[in-house]
S.K.: 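Questions regarding the structure given below will be posed in turn.
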Number of protein chains: 2
Amino acid sequence: MDENLENPGRYLIAKLNAFMRTTSGSEDAINEMASRRVAYADRGQDIISEGDEPRTVNLLLDGWACRYKMMEDGRRQILAFFLPGDLADLHVYILNAMDHSIAAITPIRYARLAPKEFEEISDAHPKLLRALWWESLVTGSIQREWLVSVGQRDALESVAHLACELFLRLKTVGLVQGQLCDFPLTQLDIADALGMTQPHVSRTIAELNRTGYVILRRGQLEVKDLERLKKLAAFNPNYLHHLRDD
Amino acid sequence: MDENLENPGRYLIAKLNAFMRTTSGSEDAINEMASRRVAYADRGQDIISEGDEPRTVNLLLDGWACRYKMMEDGRRQILAFFLPGDLADLHVYILNAMDHSIAAITPIRYARLAPKEFEEISDAHPKLLRALWWESLVTGSIQREWLVSVGQRDALESVAHLACELFLRLKTVGLVQGQLCDFPLTQLDIADALGMTQPHVSRTIAELNRTGYVILRRGQLEVKDLERLKKLAAFNPNYLHHLRDD
DNA sequence: CGCTATATTGACTTTGCTCAACCCAGGTGG
DNA sequence: CCACCTGGGTTGAGCAAAGTCAATATAGCG
């Protein structure tokens with residue numbers, strides 16, 4: 001976290017590097033953005049709720065969050081997981097009301113950027129603007145791939161795909177050490193993301209762990225054989241739109 | 001179609017009116033866009049395929065299309081349906097390769113806009129640009145709602161929700177007459193959109209028709225009781241982000 | 001140490017899938 | 001004009017995947 005405070009935009013910078021070479025000018029701009037209007041939320045807490053008028057672009061600095069929708073009868077669909085460096089709804093201030101909520105999964109630190117600040121910075125750095133555009137298109141692409149998971153993949157494939165995706169996304173922002181990364185999702189989070197029930201997630205994780213390709217447990221994910229995991233998940237990395245595979 | 005040829009952007013104009021009052025200036029700009037580089041495709045034909053480098057922004061002028069992904073083993077997930085007036089991937093020319101394909105469901109007419117033309121027009125009409133932004137955000141919102149359908153709704157709710165959505169979207173562009181609209185989807189299309197199998201779609205449509213709220217058949221959809229249909233589908237119109245309900 | 005969260009497991013049920021036969025309507029060509 | 005073909009659509013029987021409900025176990029945490 002120390003390094004993080006000096007270089008608060010580092011995860012976003014790392015991610016954009018998967019798409020372009022950031023210049024030191026844009027890096028400074030990102031760090032500038034990321035050090036203004038910093039806010040905190042505890043696990044479980046909404047940082048913005050369905051129906052609210054969106055006023056800020058949120059940049060996640062530390063921790064995990066999720067986008068979700070709640071149905072009247074209490075069913076919850078998680079629509080996306082946010083990892084450090086992810087931006088929530090770049091242009092959403094065009095719309096009048098949020099159609100979903102965003103909540104912290106772990107305690108988080110995030111920057112709440114006012115549209116005006118955001119525009120100033122992107123006007124001054126057209127290359128950065130382009131990169132941010134790319135990031136929001138990739139977010140859309142991930143959203144579509146999730147529909148493929150929920151619509152077409154069976155339980156084992158789905159869980160494997162999610163593990164694969166999160167591992168690779170964490171890797172691009174530098175949050176993987178060797179084969180290990182943090183994994184704070186509960187089985188209920190996974191269930192609500194993949195359209196399954198929690199007991200079935202439990203059984204499916206057990207089955208996945210039995211393959212030996214990964215060790216997935218609350219708190220930590222270890223990927224022992226990424227290639228086989230990808231194969232099992234029918235994982236095609238194109239949708240992440242990285243310049244190179246990593 | 002006659003009126004359409006004089007006023008080729010009419011469906012898009014009608015749609016944007018759900019968000020803002022279009023000025024005659026922007027209407028002319030839209031019609032201008034929509035009359036350049038017009039192309040045709042037959043039913044079943046891809047207009048752009050996964051892996052292709054995207055070169056144009058596509059505006060659907062007539063007919064229905066879909067965005068889809070194919071898995072190696074032949075499973076297909078339909079990600080979105082395009083109706084007249086819909087734009088495909090406004091900013092996709094930022095990315096190097098399509099991560100999905102777009103195919104005609106009926107014979108279609110569409111405009112293939114070069115990025116440069118597109119930028120000229122939007123530079124000249126900032127209000128229009130904002131409206132187009134809105135339309136792409138709504139497209140993203142629809143994408144998310146589909147995940148709720150596939151992840152949380154059961155078969156009957158899902159099919160009802162899809163009927164509801166398509167009916168309302170057609171209504172916004174003026175393609176509903178009374179309670180009737182075209183409905184060219186096959187049961188296999190619906191199945192691949194909702195993550196079901198075709199025989200189960202058949203049974204589910206039969207069950208839905210038995211409620212009397214709709215008459216859904218190949219070619220045509222008749223909505224007899226929209227309110228009850230919405231209720232059955234757990235349909236919350238907020239995600240369409242219209243200024244007023246219609 | 002005990003409380004609360006989460007995870008595991010078992011027995012049973014249900015939804016939706018599979019496979020396959022059959023039906024039906026529209027379009028084409030003899 | 002009719003026979004046939006083809007692309008949907010319907011239906012049935014049996015099955016498998018995943019859901020439900022509930023009891024039990026486990027693990028952090030205060």
Side-chain angles (χ1 to χ4, degrees), chain A residues 42-45 64 71 73-78 103-107 149-163 182-210 214-221 232, chain B residues 42-45 64 66 71 73-78 103-107 149-163 182-210 214-221:
Chain A
D42 282 337
R43 86 177 275 245
Q45 197 184 324
W64 290 38
M71 294 174 71
D73 61 2
R75 283 177 283 181
R76 176 178 73 150
Q77 177 67 43
I78 291 182
I105 284 179
T106 65
S149 275
V150 178
Q152 303 300 326
R153 287 188 249 259
D154 65 22
L156 187 63
E157 291 173 319
S158 288
V159 173
H161 196 277
L162 181 64
D182 277 353
F183 198 85
L185 304 181
T186 64
Q187 293 182 349
L188 185 58
D189 293 330
I190 298 171
D192 287 349
L194 300 179
M196 303 167 54
T197 55
Q198 179 272 320
H200 198 231
V201 169
S202 177
R203 292 185 241 262
T204 305
I205 288 176
E207 186 185 351
L208 183 60
N209 285 338
R210 256 179 265 125
V214 287
I215 303 172
L216 176 51
R217 58 169 171 275
R218 178 79 194 284
Q220 185 181 261
L221 167 65
L232 172 63
Chain B
D42 282 337
R43 85 178 276 243
Q45 197 184 323
W64 291 37
C66 69
M71 294 174 71
D73 62 3
R75 283 177 282 180
R76 176 178 71 150
Q77 177 68 43
I78 290 182
I105 283 178
T106 66
S149 275
V150 178
Q152 303 299 326
R153 287 188 249 260
D154 67 21
L156 187 63
E157 291 174 320
S158 288
V159 173
H161 196 277
L162 181 64
D182 278 353
F183 198 85
L185 304 181
T186 64
Q187 293 183 347
L188 185 57
D189 293 330
I190 297 172
D192 287 349
L194 300 179
M196 304 167 53
T197 55
Q198 179 271 321
H200 199 230
V201 169
S202 176
R203 291 184 242 263
T204 305
I205 288 176
E207 186 185 351
L208 183 60
N209 285 338
R210 257 180 264 127
V214 288
I215 304 172
L216 175 51
R217 56 169 172 277
R218 176 78 194 286
Q220 188 181 262
L221 167 64

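Atoms considered below: every heavy atom in the structure, side chains included; atoms not considered: hydrogens, waters and symmetry mates. In the text below, chain A, chain B and the rest are named by the order of the sequence lines, each starting its count at 1.
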S.K.: Send over the distance from A/Phe183 CZ to C/dA7 C1', rounded to a whole Å.
M.R.: 14 Å

S.K.: Base contacts versus sugar-phosphate-only contacts with protein, heavy atoms under 4.0 Å: please encode nucleotides 10-23 of chain D as B, S and - from 5' to 3'.
M.R.: BBBB----SSBB--

S.K.: Quantify the bending of the helix from C/dT6-D/dA25 to C/dG30-D/dC1 as the angle between its end axes, each fitted on five pairs, to 10°.
M.R.: 40°

S.K.: Separation of A/Gln220 atom CD from D/dG28 atom P, in whole Å?
M.R.: 11 Å

S.K.: What is the distance, rounded to the nearest whole Å, between atom CG of A/Leu208 and atom P of C/dT8?
M.R.: 12 Å

S.K.: Under the rule for side-chain hydrogen bond (donor to acceptor under 3.5 Å, both in side chains), what residues qualify as partners of A/Gln198, not counting sequence neighbours?
M.R.: A/Gln187

S.K.: Rounded to whole angstrom units, what separation is found between the CD1 atom of A/Ile105 and the P atom of C/dT6?
M.R.: 12 Å

S.K.: Apply side-chain contact (heavy atoms from CB on, under 4.5 Å) to A/Ala160 and list each qualifying residue two or more places apart in sequence or on a separate chain.
M.R.: A/Leu208, A/Leu229, A/Leu232, A/Ala233

S.K.: If the glycosidic angle is within 90 degrees of 0 it's syn, otherwise anti, so just tell me which one C/dA7 is.
M.R.: anti

S.K.: Is the shortest heavy-atom distance from the side chain of B/Leu194 to the side chain of B/Val201 under 4.5 Å?
M.R.: no

S.K.: Please report the shortest heavy-atom distance between A/Asn209 and A/Leu216, naming the atom on each side.
M.R.: OD1-N, 2.8 Å

S.K.: Applying salt bridge (Lys or Arg N to Asp or Glu O under 4.0 Å) as the test, list every pair that has at least one member in residues 183-202 of chain A; sequence neighbours left out.
M.R.: A/Arg76-A/Asp189, A/Arg76-A/Asp192

S.K.: Once you round it to whole Å, what is the distance between C1' of D/dT6 and CG of B/Leu188?
M.R.: 15 Å

S.K.: Could you tell me the separation between the CG atom of B/Asp42 and the P atom of D/dG7, rounded to a whole number of Å?
M.R.: 15 Å

S.K.: Hey, is the main chain of A/Ala155 close enough, under 3.5 Å, to the side chain of A/Thr204 for a donor-acceptor pair?
M.R.: no

S.K.: Under 4.0 Å, counting only non-hydrogen atoms across every strand here, what does B/Arg217 touch: a base, just sugar-phosphate, or nothing?
M.R.: nothing

S.K.: Quick one: side chain to side chain donor-acceptor pair (under 3.5 Å) pairs with a partner in residues 152-161 of chain A, sequence neighbours left out?
M.R.: A/Glu145-A/Arg153, A/Ser149-A/Arg153, A/Gln152-B/Gln77, A/Arg153-A/His161, A/Glu157-B/Arg75

S.K.: Between A/Thr186 and A/Arg218, is there a side-chain heavy-atom distance shorter than 4.5 Å?
M.R.: yes

S.K.: Quick one: does A/Ile190's side chain get under 4.5 Å of A/Ile205's, heavy atoms only?
M.R.: yes

S.K.: What is the distance from CD of B/Glu207 to C1' of C/dT15, rounded to the nearest Å?
M.R.: 11 Å

S.K.: Take the protein atom CG of B/Asp192 and the nucleotide atom P of D/dG8, then report the distance between them rounded to whole Å.
M.R.: 12 Å

